[in-house]
Amino acid sequence: QVQLVESGGGLVQAGGSLRLSCAASGRTFSNYAVGWFRQAPGKERDFVSVISWSGSGTDYADSVKGRFTISRDNAKNTVYLQMNSLKPEDTAVYYCAARRGYRDYEAVSYNYWGQGTQVTVSS
């Protein structure tokens, strides 16, 4: 089992920044790819970003490329999502998720999920 806890969400004005953290406990976290997903009210859960188990591979949704940066510190069992130049359309609950093996864009392929953290961007 892997337990994930997100933090760092909040209310920010458009153009501002937030850094989300995903802290893991349980099994060897460094064996897992970690993804960030987000879900706005009335919408499906969408892929945002993913990082490989080693941190050497990353991918981003087109909507966040150039604005968000994913990173990880396996010594601290933590994955980060730095979000810059935030827009009102980034408003959502953000979830981190983990899966063994290669990184993936599909939420259904992830075995472990955090409880989510709310990000609200005002215009």
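All heavy atoms count here, side chains included; hydrogens, waters and symmetry mates do not.
- Separation of atoms SG (Cys96) and CD (Gln115) is listed at 7.5 Å; rounding is to 0.5 Å.
- The structure places CD of Gln13 at 9.5 Å from OG of Ser123, a figure rounded to the nearest 0.5 Å.
- Shown here for Thr117 and Gly9, the closest heavy-atom pair between the two residues is OG1-N, 3.2 Å.
- Between the OG atom in Ser30 and the CG atom in Asp73 there is a gap of 11.5 Å [rounded to 0.5 Å].
- With rounding to the nearest 0.5 angstrom, the CD atom of Glu6 is 7.0 Å from the CG atom of Leu4.
- Enclosure of atom CD in Glu44 is not indicated, since only 12 or fewer non-hydrogen atoms of other residues, nucleotides or ligands lie within 6.0 angstrom.
- Under 4.0 Å is where a charged nitrogen must lie from a carboxylate oxygen, and between Lys87 and Asp90 no such pair does.
- Nearest heavy-atom pair, Val2 versus Ala24, reported as atom, atom and distance to 0.1 Å: CG1-CB, 4.3 Å.
- Taking each heavy atom of Ser49 and Leu81 in turn, the nearest pair found is CB-CD1, 4.2 Å.
- Between Ser21 and Thr78, the shortest heavy-atom contact is CB-CG2, 4.2 Å.
- Side-chain heavy atoms closer than 4.5 Å link hydrophobic residues (I, L, V, M, F, W, Y) into clusters, and following such links, possibly through other members, connects Val48 to Ile70.
- Listed by first then second residue, pairs satisfying salt bridge (Lys or Arg N to Asp or Glu O under 4.0 Å) with a partner in residues 93-106 read Asp59-Arg103, not counting sequence neighbours.
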* Could you go step by step and tell me if Leu20 and Met83 meet the side-chain contact (heavy atoms from CB on, under 4.5 Å) rule? -> CA-CA 8 Å; Leu20 304 184; Met83 307 187 296; 3.7 Å; yes

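- Among residue pairs with one or both ends in residues 50-109, those qualifying as ring-ring contact (aromatic ring centres under 6.0 Å, His included) are Phe47-Tyr105; sequence neighbours excluded.
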* Test log, rule side-chain contact (heavy atoms from CB on, under 4.5 Å), inputs Arg38 and Val64 -> CA-CA 12 Å; Arg38 65 187 182 186; Val64 307; 4.0 Å; yes

* Steps toward side-chain contact (heavy atoms from CB on, under 4.5 Å) verdict (Tyr32, Asn111) -> CA-CA 10 Å; Tyr32 291 79; Asn111 308 103; 5.6 Å; no

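- Listed for the Arg72 side chain is no donor-acceptor partner under 3.5 Å among the backbone atoms of Ala33.
- The aromatic rings of Trp113 and Phe37 sit tilted, their planes meeting at an angle between 30° and 60°.
- Side-chain atoms of Arg67 come within 3.5 Å of backbone atoms of Ser85 as a donor-acceptor pair (strictly under, hydrogens ignored).
- The only member of Val121, Leu18, Thr120 that meets side chain to side chain contact (heavy atoms under 4.5 Å, CB included) when paired with Leu11 is Thr120.
- One hydrophobic cluster, built from ILVMFWY side chains closer than 4.5 Å, cannot hold both Val93 and Val34; they sit in different ones.
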